[in-house]
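Step one of this worksheet: look at the structure below.
From a predicted model like this one, the values you see are computed outputs, not experimental measurements.
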Amino acid sequence: MAARHEEIAEALREAIDRGEYRVGGPLPTETELSARYSVSRGTVRQAVAALTAEGRIGSRQGARRVVLGSRRSQSFAELRSFAQWARAMGRTATGEVIQQFRRAATVEDAERLLVQPGEEVLQVLRVRGLDGESVLLERNVYAQWMADAVERLPADCESVVQALYDDIGMIFAYGEHVIDAVAAGAEDARLLAIRRGSPLLRIRRVTTTPAGRPIEWSDDRYVSGTVSFAVANSIGSNPLARQAGQA
């Protein structure tokens with residue numbers, strides 16, 4: 001028989017999955033959850049700690065806990081970081097900044113980030129690993145108002161999303177994605193230790209705050225076979241979810 005805190009953790013997972021607690025929104029207080037489930041606050045803390053470890057909720061000192069993600073697959077109606085997704089799948093994520101610099105926004109940057117051409121933006125190139133193997137290149141362009149916080153992150157930051165939430169309370173809530181396939185160029189091949197011309201799954205996305213303000217836009221390139229994306233269609237919705245790929 002499951003311990004009481006495990007039962008409560010599972011009930012909270014299901015509530016998040018149903019949308020009862022929305023991404024970017026607050027979780028009920030410990031007092032409210034204690035009353036709802038007729039348990040002590042210590043039991044609630046154990047349940048909440050499990051969801052925090054999974055990357056489903058975030059906690060900052062002196063602030064209400066907020067929902068960061070739901071299912072183990074990553075719904076594109078919400079965003080969980082690469083590291084949080086990997087952790088939920090029982091895998092280990094790594095990251096390393098290869099290049100980072102400020103520059104003037106291009107026309108494409110301006111359109112995606114809703115800034116003026118020529119306005120300062122921050123460009124970052126990261127290599128992400130899964131269980132010790134390089135599987136993803138992230139080329140991110142951050143709006144100027146996010147640049148200082150991103151530059152404070154360590155080069156080997158495991159989860160940028162979690163780190164920015166911990167630092168400044170930033171929630172990466174929604175994303176618009178374009179998915180296609182490209183051949184690895186010289187730089188991609190070198191950084192991912194694959195042959196030039198190898199197929200890569202490319203995800204271009206714009207990520208926003210819960211209020212819809214653009215935070216970043218990104219060109220992510222996954223090594224073939226490392227992840228796949230599943231689409232579940234219904235009359236009312238058309239969610240797209242990231243899943244572990246088969247080699």
Side-chain angles (χ1 to χ4, degrees), residues 4-89 113-114 140 142-143 145-146 149-150 153 158-177 205-218 232 234 236-243:
R4 187 65 176 128
H5 73 272
E6 294 173 344
E7 294 175 347
I8 295 171
E10 182 57 28
L12 290 173
R13 291 185 192 100
E14 293 175 357
I16 291 170
D17 289 347
R18 290 193 304 269
E20 182 176 342
Y21 309 129
R22 298 183 64 83
V23 173
L27 201 67
T29 65
E30 289 181 0
T31 300
E32 291 168 337
L33 291 174
S34 296
R36 175 175 299 185
Y37 295 108
S38 301
V39 297
S40 69
R41 292 178 63 179
T43 300
V44 168
R45 289 192 192 102
Q46 288 182 285
V48 169
L51 271 66
T52 301
E54 295 169 6
R56 294 173 186 259
I57 63 175
S59 177
R60 301 177 70 222
Q61 186 173 4
R64 287 282 295 275
R65 295 180 176 92
V66 298
V67 178
L68 300 179
S70 59
R71 293 161 292 278
R72 286 193 169 190
S73 60
Q74 178 179 335
S75 167
F76 275 18
E78 64 193 27
L79 292 176
R80 190 186 305 172
S81 76
F82 177 81
Q84 291 167 337
W85 168 78
R87 192 181 306 122
M89 296 296 293
L113 296 175
L114 303 182
N140 304 88
Y142 294 91
W145 61 276
M146 284 293 299
V150 174
L153 300 178
E158 177 186 339
S159 174
V160 173
V161 170
Q162 184 65 50
L164 289 174
Y165 174 75
D166 292 341
D167 184 19
I168 61 173
M170 179 54 57
I171 296 174
F172 289 61
Y174 304 108
E176 294 183 1
H177 302 72
R205 72 176 189 275
V206 176
T207 309
T208 72
T209 67
R213 185 182 187 185
I215 300 169
E216 63 164 359
W217 82 268
S218 178
S234 69
S237 64
N238 200 19
L240 180 63
R242 176 169 61 184
Q243 299 179 335

Checklist entry - Would you call Ile215 and Thr208 a side-chain contact if the rule is heavy atoms closer than 4.5 Å? => result no
Checklist entry - Can you name the residues that form a salt bridge (charged side-chain N to carboxylate O under 4.0 Å, His left out) with Glu32, not counting sequence neighbours? => result none
Next on the checklist: Quick check for you: to the nearest 0.5 Å, what is the distance between Glu10 atom CD and His5 atom NE2?
Outcome noted: 12.5 Å
Checklist outcome for this item: Closest heavy-atom pair, Ala9 versus Ala50, reported as atoms and distance to 0.1 Å, is CB-CB, 4.4 Å
Item to check | Tyr165 and Ser159, any side-chain heavy atoms less than 4.5 Å apart | outcome: no
Checklist outcome for this item: Between Ala149 and Ile168, the two heavy atoms sitting closest are CB-CD1, 3.8 Å
Next on the checklist: My understanding is that only residues two or more places apart in sequence, or in another chain, count here; which of them pass salt bridge (charged side-chain N to carboxylate O under 4.0 Å, His left out) with Glu30?
Outcome noted: Arg41, Arg45, Arg65
Item to check | Partner set under side chain to side chain contact (heavy atoms under 4.5 Å, CB included) for Arg4, not counting sequence neighbours | outcome: Glu7, Ile8, Tyr37, Val39, Thr43
Checklist entry - Do Glu20 and Arg36 sit within salt-bridge range, that is, some charged N less than 4.0 Å from a carboxylate O? => result yes
Checklist outcome for this item: Note: Pro214 and Ala143 closest approach over all heavy atoms is O-CB, 4.2 Å
Checklist entry - Considering only heavy atoms from C-beta outward, does the side chain of Thr209 approach that of Ile171 to under 4.5 Å? => result no
Item to check | Side chain to side chain, Val66 and Ile57, heavy atoms closer than 4.5 Å | outcome: no
Checklist entry - Side-chain contact, heavy-atom cut-off 4.5 Å: Tyr142 with Leu113? => result no
Item to check | Taking every non-hydrogen atom, the tightest pair across Ser218 and Asn140 | outcome: OG-ND2, 3.3 Å
Next on the checklist: Taking the side chain as everything from C-beta on, heavy atoms only, tell me whether Met146 gets closer than 4.5 Å to Leu164.
Outcome noted: yes
